Every structure is written in structure tokens, then in C-alpha cells.
**Student:** 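Supplied in C-alpha cells, the structure appears directly below.
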Amino acid sequence: MNSSLFAGTLDACALCPRRCGADRAGGFAGVCGAAGSLRIARAALHMWEEPPISGERGSGTVFFSGCPLKCVYCQNHEISTGNFGVEVEPGRLVQIMLELQEQGAHNINLVTATQFAHLLPDAVACARAQGLTIPIVYNTSGYERVAAVRALEQTVDIWLTDFKYADAELARSCSHVADYPGVARRALVEMVEAVERRGGARCDSKGMMLRGVIVRHLVLPGHAEDSCRVLDTVWDAVGDVPISVMNQYTPNERMLSEGGELSRPVTSEEYERVLDHADDLGFTTMFWQEGGAVDESFTPAFDTTGVLKAADGPTEKRGA
């Protein structure tokens with residue numbers, strides 16, 4: 001792999017746009033919460049991604065511990081800020097991917113892997129050499145360096161990326177990164193170009209995505225206007241890309257205690273306004289959600305399922 005981003009050690013980490021410079025190799029955690037060791041919180045089939053990702057058998061999700069963002073409303077706070085997870089060797093990640101394929105997964109879905117991106121090319125290559133054939137999904141907050149996207153171009157098949165905010169102040173107050181809008185826009189452009197360089201988006205005969213980009217956006221209560229501006233930004237940057245507009249926001253304990261707009265769910269009127277704006281812009285592939293509040297389907301139990309095979313028992317093979 002010819003990436004200067006990944007070539008060095010983690011003695012001054014610059015994997016994500018924060019470039020916090022933490023000596024992760026020396027055991028010190030970066031802003032993301034990760035130090036030198038790989039940590040995984042859960043590895044299992046997940047049925048609640050977008051239809052061309054989850055399909056009928058499920059997406060093989062691997063939830064990594066830590067996160068470069070610290071969103072105040074995060075539903076996965078146990079792992080994103082609490083860093084819950086099990087320390088494993090990179091070789092175990094290879095085994096996990098193969099085990100998920102054996103279980104019938106349509107793809108390997110790497111959830112919030114930015115802080116461990118330096119391990120992914122070798123791990124995926126090793127898994128490929130041992131028989132992994134399904135696509136690799138990079139499930140990201142969108143807060144990525146262009147250099148990281150380029151370094152992962154031959155590793156990642158499907159970019160499942162958030163675009164959270166158009167307004168810098170909203171990004172600062174909610175995720176502590178005022179540069180999010182510009183960073184996410186540049187990263188998205190690079191993701192789309194990376195797919196084009198590899199031959200363009202592809203789906204199989206059943207409509208399952210094999211290569212491509214899906215842009216996700218979570219509508220926040222009281223911020224439908226910013227959601228519409230996000231869609232404007234995506235359209236202006238990359239045109240008619242598949243989008244997923246979500247209304248599953250549910251206030252966590254912190255938001256409930258603080259009050260304000262983020263202490264309530266999104267209203268149907270707010271959500272419809274954003275969906276209508278997407279239609280007006282001309283997006284032809286759009287996924288949306290019926291209902292609203294998060295339940296255990298959207299937010300699985302982070303209980304180390306699938307992380308340590310010896311503890312979980314033998315993997316059962318499912319038919320294709």
C-alpha cells in the first residue's frame with residue numbers, strides 16, 4: 001500500500017481530520033478514545049441497514065470502539081465515547097470477517113473504523129486471500145481525510161457515509177468539529193470519484209449493492225432547515241447519488257436532562273419537509289424510514305457478540 005498516511009506508526013496520530021497527534025503507539029489515547037490496540041464491541045448480522053446493504057440475510061456489521069466525533073446525541077455512546085469493547089489482534093478481525101461471510105452476510109460492514117483505518121488494507125487483503133468474496137462497506141460519520149479515502153480506495157467497495165451538518169456552528173455544538181461541513185464535502189467527492197475510478201457503481205441481479213456510495217443524513221429536531229441545506233450541499237457536490245434520509249433520532253439521557261430542541265423526537269412535519277426537498281432537488285434513489293424512534297433493531301446490544309469466537313461458540317453456516 002502506497003499511502004504516506006498509513007505508512008508510519010501511530011506515534012503522532014493523524015488518521016482523522018482532527019490530527020490530534022496522540023502517541024497511540026505509546027499507549028496514549030487520541031481524541032477518538034483509541035490507543036494502540038484494536039478494540040471491537042460487536043460483530044453480527046444486522047438487518048436494519050438500507051435494503052441494498054442488509055438484503056434478506058443481513059449485513060455483517062463490525063462495531064469498532066471509539067469515534068473521532070463526540071456527538072452529544074449519540075445513540076451508540078457506550079462504544080463511541082465509553083470505548084466499550086474487547087481488545088483483539090488484527091488477525092482476529094480477519095477471522096471475524098470470514099465468520100460473518102459463513103453466517104450468510106451480504107457484505108462486511110465496518111462501522112466507525114476511522115481510528116483503525118491503518119489496519120484495514122492488510123486485514124481485508126488477508127481475508128480475501130483466505131476466501132472472503134463479499135463486498136466491504138465502510139460505514140462512516142463522513143468526517144474523513146481525503147488522504148484516508150484514497151488510501152482505502154482498493155479496500156472499500158461501498159461507502160456508507162453520513163453527511164450530518166451544513167452549518168459549522170451546529171457541527172461545533174453537536175459534534176465539536178466546526179470544520180465538519182467542508183471536510184465531509186471533500187471526503188464525499190473523493191468517495192464518489194474512487195468508485196468511478198474502479199468502474200462505477202454496481203449491484204447484483206437482486207439489487208444488492210456491490211460497489212457504490214450511499215449518503216446518510218439523520219434529521220435532527222428543530223433543524224430541518226439545516227437538513228435541507230445538507231441535501232443542497234450533497235447535490236451540488238456529487239449530483240444524483242443514492243441518499244438515505246433518517247428520522248430515527250431519539251434523545252439520549254443527556255439530551256433529555258439538558259432540554260431544548262434535541263430533547264424531543266423529530267416531528268412528521270419536519271421529516272416530510274426534508275423528504276419533499278430531496279424530491280424537489282431531483283434525487284432519484286432515496287431511502288426513508290417509517291415510524292421514528294430508535295429501538296433495539298437500529299441500536300443493537302453492545303455485548304461483545306461475535307468478537308471472541310471461543311466465548312460465542314462455533315459459527316453456524318447459513319445458505320446463500
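Small disclaimer: the values here were computed from a predicted structure and weren't measured.
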**Student:** I'd like to know if the side chain of Ser173 and the backbone of Leu170 have a donor-acceptor N/O pair within less than 3.5 Å.
**Tutor:** yes

**Student:** In terms of side-chain geometry, is the basic nitrogen of Asp162 or Lys164 positioned less than 4.0 Å from the acidic oxygen of its partner?
**Tutor:** yes

**Student:** Hey, does Leu93 have a side-chain heavy atom less than 4.5 Å from the side chain of Leu120?
**Tutor:** yes

**Student:** Can you tell me how far CG of Leu98 sits from CD1 of Ile134, rounded to the nearest 0.5 angstrom?
**Tutor:** 9.0 Å

**Student:** Taking all non-hydrogen atoms of both residues, which atom of Gly131 and which atom of Gln101 are closest, and how far apart?
**Tutor:** O-NE2, 3.0 Å

**Student:** Kindly compute the distance separating CD (Glu49) from CG (Leu160), expressed to the nearest 0.5 Å.
**Tutor:** 6.0 Å

**Student:** Under a 4.5 Å side-chain heavy-atom rule over Ile, Leu, Val, Met, Phe, Trp and Tyr, are Leu210 and Leu110 clustered together?
**Tutor:** no

**Student:** Can you measure from CG (Asn252) to OG (Ser263) and round to the nearest 0.5 angstrom?
**Tutor:** 10.5 Å

**Student:** Do Pro121 and Gln154 have side chains that get closer than 4.5 Å, going by heavy atoms?
**Tutor:** no

**Student:** Any donor-acceptor pair under 3.5 Å linking the side chain of Arg24 with the backbone of Leu10?
**Tutor:** no

**Student:** Go through the steps to decide whether Glu144 and Thr114 satisfy the test side chain to side chain donor-acceptor pair (under 3.5 Å), and finish with yes or no.
**Tutor:** CA-CA 7 Å; Glu144 300 282 349; Thr114 305; 2.5 Å; yes

**Student:** When rounded to the nearest 0.5 angstrom, what is the spacing between CG in Leu231 and CG in Asp226?
**Tutor:** 10.0 Å

**Student:** Of the non-hydrogen atoms in Ala29 and Ala22, which two are nearest, and what is the gap between them?
**Tutor:** O-CB, 3.8 Å

**Student:** Do Glu261 and Leu220 have side-chain heavy atoms sitting under 4.5 Å apart?
**Tutor:** no

**Student:** Report yes if some heavy atom in the side chain of Arg57 is under 4.5 Å from a heavy atom in the side chain of Leu45; otherwise report no.
**Tutor:** no

**Student:** Could you tell me whether Gln130 atom CD has more than 12 heavy atoms of other residues or ligands within 6.0 Å of it?
**Tutor:** yes

**Student:** Please evaluate residues Tyr249 and Glu270 with respect to the criterion side chain to side chain contact (heavy atoms under 4.5 Å, CB included), reporting the C-alpha separation (whole Å), side-chain torsions for both, the decisive distance (0.1 Å), and the verdict.
**Tutor:** CA-CA 12 Å; Tyr249 177 85; Glu270 289 172 323; over 6 Å; no

**Student:** Do the non-hydrogen side-chain atoms of Ile214 and Pro52 ever get within less than 4.5 Å of each other?
**Tutor:** yes

**Student:** Run the side chain to side chain contact (heavy atoms under 4.5 Å, CB included) check on Arg186 and Glu190 step by step: do they pass?
**Tutor:** CA-CA 6 Å; Arg186 291 189 292 273; Glu190 188 64 29; over 6 Å; no

**Student:** Does the pair Leu188 and Arg185 meet the rule for a side chain to side chain contact (heavy atoms under 4.5 Å, CB included), with working shown?
**Tutor:** CA-CA 5 Å; Leu188 174 59; Arg185 187 186 194 281; 5.8 Å; no

**Student:** More than 12 heavy atoms of other residues, nucleotides or ligands under 6.0 Å from CD of Glu253: yes or no?
**Tutor:** no

**Student:** Answer yes or no: does atom CZ of Phe28 have more than 12 heavy-atom neighbours from other residues, nucleotides or ligands under 6.0 Å?
**Tutor:** no

**Student:** What is the ring orientation for Tyr73 with Tyr165, classed by angle as parallel under 30°, tilted 30 to 60°, or perpendicular over 60°?
**Tutor:** perpendicular

**Student:** Could you check whether Arg198 pairs with Asp157 (Lys NZ or Arg NE/NH1/NH2 to Asp/Glu carboxylate O, under 4.0 Å)?
**Tutor:** yes

**Student:** Check whether Arg145 reaches the backbone of Ala14 with its side chain - one donor and one acceptor, N or O, closer than 3.5 Å.
**Tutor:** yes

**Student:** Mark yes or no for whether Tyr143, through its side chain, and Asp179, through its backbone, hold a donor-acceptor pair below 3.5 Å.
**Tutor:** no

**Student:** Can you tell me if Asn247 uses its side chain to pair, donor with acceptor, with the backbone of Val266 under 3.5 Å?
**Tutor:** no

**Student:** Does Ile158 belong to the same Ile/Leu/Val/Met/Phe/Trp/Tyr cluster as Val195, with side-chain heavy atoms less than 4.5 Å apart forming each link?
**Tutor:** no

**Student:** Is it true that Arg172 and Glu169 have a side-chain N and a carboxylate O under 4.0 angstrom from each other?
**Tutor:** yes

**Student:** Are the side chains of Val215 and Trp159 in touch, meaning some heavy atoms are under 4.5 Å apart?
**Tutor:** no

**Student:** Evaluate side chain to side chain contact (heavy atoms under 4.5 Å, CB included) for Cys174 paired with Cys71, printing each intermediate quantity in order.
**Tutor:** CA-CA 5 Å; Cys174 288; Cys71 302; 5.8 Å; no

**Student:** How about Gln115 and Arg39: do any of their side-chain heavy atoms sit closer than 4.5 Å?
**Tutor:** no

**Student:** Report the residue from Asn139, Ile79, Val137 that forms a side-chain contact (heavy atoms from CB on, under 4.5 Å) with Val111.
**Tutor:** Asn139

**Student:** Does the His106 side chain pair with the main chain of Glu56, one donor and one acceptor, at a distance under 3.5 Å?
**Tutor:** yes

**Student:** If you measure from the Lys or Arg side-chain nitrogens to the Asp or Glu carboxylate oxygens, is any gap between Glu87 and Arg92 under 4.0 Å?
**Tutor:** no

**Student:** Just verifying a value: how many Å separate Thr133 OG1 and Ile108 CD1, rounded to the nearest 0.5 Å?
**Tutor:** 9.5 Å

**Student:** Roughly how far apart are Asn109 CG and Phe63 CZ, rounded to 0.5 Å?
**Tutor:** 7.5 Å

**Student:** Indicate, with yes or no, if Leu100 and Leu308 share a hydrophobic cluster defined by side-chain heavy-atom contacts under 4.5 Å among Ile, Leu, Val, Met, Phe, Trp and Tyr.
**Tutor:** yes

**Student:** Has Arg202 got more than 12 heavy atoms of other residues, nucleotides or ligands less than 6.0 Å from its CZ?
**Tutor:** no

**Student:** For the side chain of Ser65 and the backbone of Phe84, is there at least one donor-acceptor N/O pair under 3.5 Å apart?
**Tutor:** yes

**Student:** Determine yes or no for a side-chain-to-main-chain donor-acceptor pair under 3.5 angstrom, with Arg254 supplying the side chain and Val72 the backbone.
**Tutor:** no

**Student:** Is there a donor in the side chain of Gln75 and an acceptor in the side chain of Thr250, or the other way round, less than 3.5 Å apart?
**Tutor:** no

**Student:** Answer yes or no: is there a side-chain heavy-atom contact under 4.5 Å between Val189 and Val238?
**Tutor:** yes

**Student:** Where do Ser59 and Asn107 land on the side chain to side chain donor-acceptor pair (under 3.5 Å) test, with the steps shown first?
**Tutor:** CA-CA 6 Å; Ser59 179; Asn107 45 63; 2.6 Å; yes

**Student:** Using every non-hydrogen atom in the two residues, find where Phe163 and Val230 come nearest and quote the distance to one decimal.
**Tutor:** O-CG1, 3.5 Å

**Student:** If I compare all heavy atoms of Ala178 with all of Ala168, which pair ends up nearest, and what's the gap?
**Tutor:** O-CB, 3.2 Å

**Student:** Is there a donor-acceptor pair under 3.5 Å between the side chain of Thr161 and the backbone N or O of Val213?
**Tutor:** no

**Student:** Counting only heavy atoms not in Trp288, do more than 12 sit closer than 6.0 Å to its CH2 atom?
**Tutor:** no

**Student:** What's the shortest heavy-atom distance between Gly66 and Thr112, and which atoms?
**Tutor:** O-CG2, 3.6 Å

**Student:** Check the hydrophobic clustering (I, L, V, M, F, W, Y; side-chain heavy atoms under 4.5 Å; chains of links allowed) and say if Val241 and Phe287 are grouped together.
**Tutor:** no

**Student:** If I compare all heavy atoms of Thr155 with all of Ile136, which pair ends up nearest, and what's the gap?
**Tutor:** O-CB, 3.5 Å

**Student:** Answer with yes or no whether the hydrophobic clustering places Tyr138 together with Met209; edges join I, L, V, M, F, W, Y residues whose side-chain heavy atoms lie under 4.5 Å apart.
**Tutor:** no

**Student:** Under the salt bridge (Lys or Arg N to Asp or Glu O under 4.0 Å) criterion, do Glu193 and Arg150 qualify, and how do the steps go?
**Tutor:** CA-CA 10 Å; Glu193 291 179 352; Arg150 290 175 181 164; 6.0 Å; no

**Student:** Test your reading of the model: is there a side-chain donor-acceptor pair from Lys206 to the backbone of Cys203, 3.5 Å cut-off?
**Tutor:** no

